[in-house]
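See below for the structure under consideration.
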Amino acid sequence: MVSLRSWRDPLLVAISLVALWQVLHELAGDVAVTAPAPTLAHLWEMIGQARFLPHLRETGLAFLQALAIACGGGVLIGLVLGGHKLSGEVAEPILVGLYSIPKITLYPVILLLFGLGMPAKVAFGALHGIIPVVLFTMNAVRNVNRTYLRAGRAMRLTPLQTGWHILVPATLPEIFSGLRIGFSLTLLGTMLGELFASQRGLGFLLMTAIDLHDVKTILAIAVLISTFAIIANAALLAIDKRLHRGAAPEGAGKP
Amino acid sequence: MKVGKAKADNRATWIRVAVLASAVGALEIACRVGWVPATMVIAPSAMVKALIETLQSDDIGAHLQQTLSAVAIAMGLSIVGGFLIGFVLHWVPFLRRAFNPFLAAYYAIPHFAFYPLLIVIFGLGPAPLIVLATLFAMVAMIVATMAGLDRVPRVLLKTARMHRLSLLEEIWRIRLPAAAPHLLSGVKLAVAYSFIGVIAGEFILSTSGIGHEIAYAYDNFDNPRMYALILFVLAIVTCFNMAVYAYERRLARRRGA
C-alpha cells in the first residue's frame, strides 16, 4: 500500500503537467508549443533515425566522462580536505565562492584552454559537478564520530580495516548525497557546454532547432533530457534514502 | 575557547589570502614569461587594465544596466515567490508529496530549452530572460523554505501553544525566526541562481547584456575585453555573496551559535 501511495501523487503531477502542456498548446498554438502527442511521436521517430544516434552517443560519452571525473576527483579531494583540518578551512570558502559564480562566464576560457569539441564539454561538465561532491565529502569526513575511531583503535584495527569497517559506512550516506547533486549539475554543465559553440550532441541539435524555430524538435529533446534527469534522479534519491535510513540515528553522528 | 577559535579562523584566512595571491602571481609570471600563450589566458594585470578601459568606454553602461536590473527583478520575484510556494507546500502534505520528486530533479532539467517558448509568450526583450532566471532561482528558495519550516524545533511550537499564540503570531514570532538560517541560505542560492540564469540566458540566446558581450568578445577573439568582462561579473557576484555571508555570520553570532 505504501508504495502505491508514494507512486500515486507524482503520477498525478505528471498527468497534470501533460494536461498543462496541452492547455498551453491550445492557448499558444503550434507556433509556440506543439501538442504532447505529436511531440512524443516526433521524439520516437527521431530516436529511430540513424543520424540521431551519433549525437546521443556524443552527449552520453561527454556526460559519463565528466561524471567520472567529478565523482572520482571530488571524492578524492574531499577526503584530503576533510582529513586535514587546516587545508579544509582554507579551501571551503573558496569552494563555496566557486560554487555560486555563474560558471557559464568561464566557458570561453575553457574553450580556449581545451579547444572546441569533446574535452571542453567534459571539462565544463566536471567543473559543475565536482564542487558539491567535494563539499559533501569534506563534511562527511569531518562529521565522522570520534567515538567510532577510538573504538576502532581499542580493537586494534589496521588502517585498512579502519577505513573499510568505520570510515566507509560512516561517510557513505552523505557522500552519496553529494554524488546525487553532482550528477544533476554535471548533466546541466554538459548540456550548457553543448549549447554554446558545439558541432555535435543533443545540445547542438537543440541549438539548431532553436535557430530554425523547430518547436517540435525543441520540445522533443527537452522532454527526452528531462525524463532522463527525473528518472535517474528518482533512482538515486531512492538509494540515498535507503543509505540514510541504514545510517546512524539522527543526531548520533554529530559531535 | 572563543579566542582560540578566532585565532584559528584568522590563520586560515591568512593562508587563504596567500594561496589566492600566489595563484594570481603564478599566472601573471607564466603569462609574462610566455609559458601560457596570450591567445589562451592573458595576464591578470592585463585583465585589470582591460577592465578599467572597458568600464570607461561608454557603450558598456547600457548592457550593465540591463543585466543588473534583470538580475534584481528575478531575484526579488524568486525570493518572494519561492518563499510563498515553499510555505504552501509545507502546509499541504499532499501537494508536497506530489511535487517532491520534481523539485529534486528540477536542477537537472536544461531550462534553456524552453526559452523559445518563453519568447513567444512574453515577447522579445528582457521579460523572457527574467522569467527564465526566476524559474531557475525560485526552486532553490522553495526547497530552502520547506527545509527551514520542517526543522523548527517541537519545543518552540509547544511553547507557542502554552502561550496561546494565535496562528499568525506563532508563524511570525516562532516559525519564521526559527527557520531564518535556512531561509537565508535559500536567499543566497536564489541570488547566485538569478545571476547564473540571466547571464547564461544572455550568453546563449540574447543580443545584449553582459553575457552576450562576453560571448561576442569570444567570437571576435577579443581576449582582453572578454577577460575584463568575465572578471567584472565574477567580482560583482563574489561581492554580493560576501555581503550575504557577512550578514549570515552576524545573525549566527547573535543567536550565540
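Proteins come first, then strands; the chains are lettered A, B, ... in the order of their sequence lines, and each starts at number 1. Quick note: numbers below take in every heavy atom, side chains included, and nothing from hydrogens, waters or symmetry partners.
When heavy atoms are compared at a cutoff of 4.5 Å, A:V215 does not approach chain B at all. Only the side chain of A:L237 comes within contact range of chain B, with at least one heavy atom under 4.5 Å from a heavy atom of that chain. With a 4.5 Å cut-off on non-hydrogen atoms, B:A215 touches chain A through its backbone and its side chain both. Within the 4.5 angstrom heavy-atom criterion, no atom of B:F240 approaches chain A. Using a 4.5 Å cut-off between heavy atoms, B:L20 contacts chain A through its side chain alone, with no backbone atom that close. Both the backbone and the side chain of B:F203 have a heavy atom closer than 4.5 Å to some heavy atom of chain A. With a 4.5 angstrom heavy-atom cutoff, A:L17 touches chain B only via side-chain atoms.
For the set B:L234, B:V19, B:T238, B:V198, the count of heavy-atom pairs under 4.5 angstrom toward chain A peaks at B:L234. Counting heavy-atom pairs closer than 4.5 Å to chain A, the top-ranked of the candidates B:G197, B:G211, B:A200 is B:A200.
Checked by atom type and distance alone, the side chain of B:R11 never pairs as donor or acceptor with a backbone atom of A:L86 at under 3.5 Å.
If you take OH on A:Y99 and CG on B:L189, they are separated by 6.5 Å, rounding to the nearest 0.5 Å. The structure places CD1 of B:I196 at 5.5 Å from NZ of A:K103, a figure rounded to the nearest 0.5 Å.
Evaluation of the salt bridge (Lys or Arg N to Asp or Glu O under 4.0 Å) test over residues 184-208 of chain A, restricted to residues two or more places apart or in two chains, returns A:E58-A:R200, A:K121-A:E194.
Atom OH of B:Y216 sits in a sparse spot, with 12 or fewer heavy atoms from other residues, nucleotides or ligands closer than 6.0 Å.
Residues B:R16 and A:E89 share a closest heavy-atom pair of NH2-O, 3.0 Å.
Side-chain contact check for B:L229 versus A:T105: every heavy-atom pair is 4.5 Å or farther apart. A:L112 places a side-chain heavy atom less than 4.5 Å from the side chain of B:Y227.
Scored by the salt bridge (charged side-chain N to carboxylate O under 4.0 Å, His left out) test, B:D219 finds no partners at all (sequence neighbours excluded).
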